[in-house]
Amino acid sequence: MPELEDRLASLGGPEAGRPKEERAATGEFPELPGARHGAVVLRLAPFPNGALHIGHGRLLYVNDYYRQKYGGRILLVFDDTIGSEEKRAEPEFFDLIRGDCELAGVRPDAVFYKSDRVPLFYPWARRVIERGGAYVCTCAADLLRERRAAGAACPERSQTVEETLDGWDRMLGNAYGPGEAVLRLRTDLSDPDPAFRDRVLFRISHLEHPRVGRKYSVWPMLEFSWAVDDVELGVTHVLRGKELVIEDRMQRFIWDLLGVSGPPFLHWGLLRVREAKVAKSKANREVRSGLYDGWADPRTWSLRSLDRRGISLEALRTFILSFGMSLADIEVAAETLYAENRKRIDPVAVRRAFVAAPVRLEVDGYPFDLAEVDLPNHPDRPELGRRTVAAGPAFFLAHSDLADHAGGEVRLKDLVNVRLPVEVPPPGGVLRATFASRENRRLPRLQWVGVAGAVPVDLLGVDGDHAPGVAERSVRELDPGTIVQFERVGFARVERTWAPGSEPVRLAFGHP
RNA sequence: GCUCCCGUAGUCUAGUCCGGUCAAGGAUUCGGCGCCUUCGACGCCGUAACGCGGGUUCGAAUCCCGCCGGGAGCACCA
């Protein structure tokens, strides 16, 4: 492999251009060590087994922040090695993830697939072996694990370079089945960190890969593939979550062994959104089973589900960048994201009336001249226009509103005051109330929808529930994708999949 | 258990490297008041924090030591 030898030589020694011990400052966003404007190359490396969610948002936006800051490039590198029986790459996610990046406004400058690059890793492995840095181990997985924990060597650890090369060739020559042999890095069995002792570099798998089928049976582990690709692809800085710190050590160990230099690493801490129970495997299962409404189901907390709910991904960007590069593990309430989104959509979302779980309210003595009323589309923005809505004498009101105020006097918002009876029927029932007065008094204000103009609405909730309700007629004229505010309920977005004019009008709830 | 990381108000964050201008700033939440005919917006007001204990120093959120607490890794996953 003389070519590789030359390439390695040209890449410089371990100290060449390697910055001092880098560490994410607790400050906002530290300078990237050694970065030159226009010469920064970053990478996103998702595994294609699900849609991108809020956690990936940090990956996208932090990398994009630095791309903009330094005029750099972002590579999207699908980390689609063979995975495992439980964690497999799946074909539909390649395009889906690219779409998610677009949606998030983080367009990669180039796209690569690890599965195209497998043959590239083999000569590097051979070089590591020749330097005495690895050995072929045929221990069973659990035995290997036990010995690692105990700091005990397996008999094969002492094999010579020639023996290892021979074993490696037999691995490549399909002499072993899955689980029968691995190539292990020779680190130090007394390393204080048990996780770092002789980690596996390559293993054998006969699983079918969605892109390359069964073309390869010897697959690299993540750390080795990145030790190669961060160099081969010219990545200048690796920004990733701190759960991957041990991979830094692995990569550096391999680079030092081969006498090449690689990029510095920067990390951020764990980010949890309290309401988002991010269980990708569960989401995967429920999407597949049909329980979830695809990858835009609100319960997945995927980027596309946020978009569906009318949560601007620019609001998500601001939200995520507000955490800086802190290494602290944080848990934040979704409300903080909602507050950020509200700033953006409140000024532009038109107001509409919606009533969930409606009860029909007939008002005795209702004034004849108030069959319809004219209302502004936005209380503070007259330029957004007005609309006319049908009013009484028959209305729909939310069952919960009526129950809260049974027996009292209330004001139908923007309309008149009525006196409610003590007994409230369940949703779908009918109730008689009496007209009280017209003047605007300080009474509890209830939202209403005039029966004459009511259209049925299906409102998708954050828990995936479908709340049936009614809304004023003008919601039927909304374009798919429009974000509205249902007064006293919250913001919602007209589903893009809704066929205009059809009933019920379908929307997805965003947040209060 | 071992390794690494992190501890500033309910939550997130600025400040910590290079000690004084920090009787600790911002955002969000919560409470109150005002206002627009929304539980939404806006305005005003308010509650609320340097994990604990030692040390160094004229002076410590900031430096040192020891505890305590939280998280992650310890896969032939990524």
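Everything numeric here is computed off the predicted structure, so don't read it as measured data.
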- Item | Aromatic centroids of A:Phe224 and A:Trp124 separated by under 6.0 Å | no
- What does A:Val182 touch in the nucleic acid at a heavy-atom separation under 4.0 angstrom: a base, only the sugar-phosphate, or nothing? base
- Task: Have a look at A:Glu335 and say if it touches a base, only the backbone sugar-phosphate, or nothing, with a 4.0 Å heavy-atom cut-off.
- Result: sugar-phosphate
- Task: Looking at every strand, decide which applies to A:Asp346 at a 4.0 Å heavy-atom threshold: base, sugar-phosphate, or nothing.
- Result: sugar-phosphate
- Pair of N/O donor and acceptor under 3.5 Å linking B:rU38 base with A:Arg351 side chain: yes
- Under 3.5 Å, is there an N or O donor on one side and an acceptor on the other linking the side chain of A:Glu331 and the base of B:rU11? no
- Query: How would you label the contact of A:Gly179 with the nucleic acid (heavy atoms, under 4.0 Å): base, sugar-phosphate, or nothing?
  - Reply: base
- note: A:Phe224, atom CZ; B:rA78, atom P; distance rounded to Å ~ 14 Å
- Item | Pair of N/O donor and acceptor under 3.5 Å linking B:rU37 base with A:Arg411 side chain | yes
- Assign A:Lys343 to base, sugar-phosphate, or nothing according to its heavy-atom contacts below 4.0 angstrom with the strands shown. sugar-phosphate
- Starting from C1' on B:rC4, measure out to CE on A:Met250 and report it in whole angstrom. 16 Å
- Task: Kindly indicate whether the side chain of A:Glu340 and the base of B:rA27 share any N or O donor-acceptor pair separated by less than 3.5 Å?
- Result: no
- Checking all strands, does A:Pro512 fall into the base, sugar-phosphate, or nothing category for heavy-atom contacts under 4.0 angstrom? nothing
- Could you check whether A:Asp401 gets within reach of a base, just the sugar-phosphate, or nothing at all, counting any heavy atom under 4.0 Å? base
- Item | A:Asp198 and its side-chain hydrogen bond (donor to acceptor under 3.5 Å, both in side chains) partner, picked from A:Arg157, A:Arg148, A:Arg186 | A:Arg157
- Answer with base, sugar-phosphate or nothing: what part of the nucleic acid does A:Leu222 contact at a heavy-atom distance below 4.0 Å? base
- Could you check A:Tyr216 against A:Phe121 for ring-ring contact (aromatic ring centres under 6.0 Å, His included), going step by step and ending with a plain yes or no? CA-CA 12 Å; A:Tyr216 310 108; A:Phe121 303 130; 9.5 Å; no
- Message: Can a donor-acceptor pair be found, under 3.5 Å and without considering hydrogens, that links the side chain of A:Asp329 to the backbone of A:Leu270?
- Response: yes
- Tell me what A:Arg88 touches on the nucleic acid: a base, only sugar-phosphate, or nothing, going by heavy atoms under 4.0 Å. nothing
- Base, sugar-phosphate, or nothing for A:Ala149, non-hydrogen atoms under 4.0 angstrom? nothing
- Message: Using atom C1' in both nucleotides, what's the gap between B:rU8 and B:rC50 to the nearest angstrom?
- Response: 4 Å
- Task: Ignoring backbone atoms, establish whether A:Arg184 has a side-chain N or O less than 4.0 Å from OP1 or OP2 of B:rC76.
- Result: no
- Look at all strands and tell whether A:Ala339 reaches a base, only sugar-phosphate, or nothing, counting heavy atoms closer than 4.0 Å. sugar-phosphate
- With A:Glu487, the side-chain hydrogen bond (donor to acceptor under 3.5 Å, both in side chains) member among A:Lys413, A:Arg351, A:Arg445: A:Lys413
- Query: For B:rC77, does either OP1 or OP2 sit under 4.0 Å from a side-chain N or O belonging to A:Arg203?
  - Reply: yes
- Taking OP1 and OP2 of B:rC35, is either one under 4.0 Å from a side-chain nitrogen or oxygen of A:Arg442? no
- Query: So what does A:Thr81 touch, heavy atoms closer than 4.0 Å: a base, only the sugar-phosphate, or nothing?
  - Reply: sugar-phosphate
- Between CG of A:Leu244 and P of B:rC77 the distance, given in whole Å, is 15 Å
- Task: Write down the atom of A:His53, the atom of A:Thr300, and the distance for their closest heavy-atom approach.
- Result: CB-O, 4.3 Å
- Item | For atom NE2 of A:His267 and atom C1' of B:rC5, their distance in whole Å | 10 Å
- Verify the contact: side-chain N or O of A:Ser326 to OP1 or OP2 of B:rU13, cut-off strictly under 4.0 Å; return yes or no. yes
- Length of the line joining A:Asp193:CG and B:rC5:P, which is rounded to integer Å: 11 Å
